[in-house]
Amino acid sequence: MFKYISKRLLMMIPVLIGVAFIIFTIMDFTPGDPARLILGEYAAQEDIDALREEMGLNENFFVRFGTYVKGAVTGDFGKSYRNNLPVSNEVGSRLPTTLKLTFLGMTLAVFIGIPIGVLSAVKQYTIIDNVTLIAALLLTSIPGFWLGLMMILFFSLRLDLLPATGIDSMKHFIMPSITLAAGTMATLIRMTRSTMLEVIRQDYIRTAKAKGGNEKRIIFIHALRNALLPVITLVGVNFGILLGGAVVIEAVFAIPGLGTLMIGAVRAKDTPVLIATVTCIALIGGLITLIVDILYIFIDPRIKSQYVKGSR
Amino acid sequence: MSEKLLEIKDLHVVYETDEATVYAVNGLDLVVNKGETLGLVGETGAGKTTTALSIMKLLPDRIGLIKNGRIQFEEHDITKLSEADMRLVRGNSMSMIFQDPMTSLNPVLTIGYQIYEVLELHNNKMSKAQISAKVDEILKLVGLPPERKNEYPHQFSGGMKQRVVIAIALACEPKLLLADEPTTALDVTIQAQVLELMKGLKDKFNMAMILITHDLGVVAQTCDKVAIMYAGEIIELGSVKDIFESADHHPYTVGLFGSIPDMTKKTRRLNPIEGLMPDPTNLPKGCVFHARCPKCMEICKTKKPQSVTKNDHMIRCHLFKYA
């Protein structure tokens with residue numbers, strides 16, 4: 001188990017370096033001189049040349065990337081081109097907000113999506129099933145930013161119930177997390193429904209019925225755990241999607257999280273900040289996937305035995 | 001005359017799908033006495049499993065329907081029993097062993113729990129410790145070490161899984177056991193072990209059993225009575241002696257026995273029954289077997305044969321007219 005986790009953590013290193021490399025390359029190809037960005041449009045050419053030399057911008061592309069990675073490994077992600085503050089501070093202060101938003105969104109999606117999915121499978125072909133189908137279709141088809149804007153219009157401007165922007169209280173997180181959760185919730189409803197229906201047809205469910213168990217017992221003890229396996233994978237994958245979605249939602253609700261930071265960095269060609277934010281999101285995505293894989297062991301004994309064998 | 005445990009009268013079961021209505025069981029009559037083993041034999045699609053599922057009331061939801069008939073089990077008519085009442089019967093006084101042990105056990109629950117569950121459901125008075133002790137006892141009975149009760153189905157071989165399935169079915173000492181091809185998925189040596197085990201347990205608990213199988217050898221070894229099914233009907237019913245030794249048989253039974261290769265004779269080819277079972281969505285008029293019957297007469301194509309009984313040996317064919 002320990003060996004497996006360390007192996008997985010080690011495997012994330014090349015992924016993160018790869019992500020950093022891609023962003024680094026893209027930013028390098030885009031026009032614009034960082035030194036000029038920092039010093040401003042009217043700076044003297046000598047000053048700019050001096051700063052370029054100081055920042056090592058005249059070095060070969062690979063040498064520069066190497067220097068960046070070396071710095072990053074020791075915890076130095078460089079300084080923002082825009083305000084000269086250390087990137088790690090900047091990311092560190094905004095990361096909790098994004099994580100909070102993502103986790104709230106995911107919690108909402110899981111705790112609403114999965115029960116509704118189960119219900120619609122159990123009540124297959126009834127009115128409940130059809131209504132959830134339509135609701136899920138609506139939720140997937142509505143773009144997140146539009147839903148967000150509509151909610152602001154309705155709940156903030158018309159009803160004046162919820163604040164439209166900011167992060168001062170939990171109340172501020174209600175609309176953003178609902179907006180963020182919508183798509184994932186719909187996916188979870190549909191996925192849970194279909195895996196549930198598949199599991200219900202299995203022979204072991206018939207065996208359970210033949211024992212004389214009631215419907216509740218059959219669903220919760222026998223079917224749900226088996227049906228949840230693919231759903232959990234989906235939750236893991238969707239975490240990445242939610243982190244990405246947070247970028248858009250943060251812009252809609254003016255939330256100072258990683259997403260707004262990232263968009264600002266793209267606009268200003270703030271390479272150090274951009275690399276740090278993207279890599280940070282990649283890191284969280286990787287960690288979540290690992291957690292999901294570990295969760296599997298507790299849900300599916302078949303996987304556990306495989307992995308005990310593998311780690312020996 | 002021994003006491004009747006199960007009596008099925010004129011059972012009709014259909015599967016209603018969007019495309020067609022499948023007539024799976026058509027007017028089946030059957031009696032099983034206490035402690036008796038009945039072999040239900042027939043080719044795939046004859047309605048054997050459907051019959052068993054009807055007795056358990058486990059036909060697929062919304063699709064499988066009992067259209068007509070009575071299933072009298074002890075003092076209940078199962079067809080009229082509510083789902084809640086039926087749950088008290090299922091797994092308790094009547095239980096079923098399913099065809100494929102590989103898929104009949106829940107992969108995420110320990111085998112110990114899966115046996116525990118059925119006991120817990122039907123024994124309100126027993127304490128947890130008592131039930132656990134009983135689980136151990138049952139595991140020993142089916143020849144599995146009780147220490148392995150905390151393991152999961154994937155850690156067991158096919159034969160062992162079937163023993164677990166049998167343990168679940170027998171846990172509450174049912175009066176009637178429905179065994180749906182309990183040995184089909186197992187290899188021959190394990191088959192023999194499992195059959196021996198079931199036979200022993202059946203005698204121990206004095207339970208009645210309906211054994212569904214294609215294997216006439218198994219029937220000869222284990223059964224008291226045999227019912228031959230074809231296209232949802234019982235076309236011949238009698239004691240093992242009647243079926244295996246009597247001179248009079250339904251032509252289908254003759255064909256069935258004819259298709260078993262004889263070890264002592266040199267034959268180049270097997271002797272199958274020509275043709276296929278009739279389409280269950282569109283059953284033929286007259287005798288269901290007439291299209292494949294070597295002794296088909298004009299009357300067979302138009303008139304359904306009535307059952308003819310001589311000394312408890314029933315044949316449903318126009319060739320026989322005792323009465």
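Numbered from 1 within each chain, the chains take letters A, B, ... in sequence-line order.
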Inset, instruction - Flag yes if more than 12 heavy atoms outside L10(A) fall under 6.0 Å of its CG atom; otherwise flag no. - result: yes
Inset, instruction - Report yes if the side chains of R302(A) and Y152(B) come closer than 4.5 Å at any heavy-atom pair, otherwise no. - result: no
Legend entry - Distance in Å, N214(A) CG paired with L121(B) CG, rounded so as to fall on 0.5 Å steps: 7.5 Å
Legend entry - Residue from H222(A), R225(A), Q202(A) passing side chain to side chain donor-acceptor pair (under 3.5 Å) with N106(B): H222(A)
Legend entry - Least distance between heavy atoms, Q124(A) atom then R62(B) atom: OE1-NH2, 3.7 Å
Inset, instruction - Among I205(A), L229(A), V199(A), I221(A), single out the residue with the greatest number of heavy-atom pairs under 4.5 Å to chain B. - result: I221(A)
Inset, instruction - Locate the shortest heavy-atom distance separating R87(B) from G213(A); write the atom from each residue and the value. - result: CD-O, 3.5 Å
Legend entry - K175(B), NZ atom: more than 12 neighbouring heavy atoms under 6.0 Å: no
Inset, instruction - Please check if the side chain of S104(B) supplies one atom and the backbone of T207(A) the other of a donor-acceptor pair under 3.5 Å. - result: no
Inset, instruction - Using a strict 4.0 Å threshold on nitrogen-to-oxygen distance, state whether R217(A) and E120(B) make a salt bridge. - result: yes
Inset, instruction - Please report the closest heavy-atom contact between Q114(B) and K211(A), naming both atoms and the distance. - result: O-NZ, 2.7 Å
Inset, instruction - Please report the closest heavy-atom contact between P107(B) and P301(A), naming both atoms and the distance. - result: O-CG, 3.3 Å
Inset, instruction - Below 4.5 Å from any heavy atom of chain A, which atoms of L53(B) appear? Answer side chain, backbone, both or neither. - result: side chain
Inset, instruction - Can you establish whether the number of heavy atoms outside Q130(B) located under 6.0 Å from its atom CD is more than 12? - result: yes
Inset, instruction - Pick one of side chain, backbone, both or neither for E151(B), based on which atoms fall under 4.5 Å of a heavy atom in chain A. - result: neither
Inset, instruction - Let me know if I168(B) has heavy atoms under 4.5 Å from chain A in its side chain, its backbone, both or neither. - result: side chain
Inset, instruction - Name the option with the most non-hydrogen atom pairs under 4.5 Å to chain A; the candidates are E117(B), M56(B), M86(B). - result: E117(B)
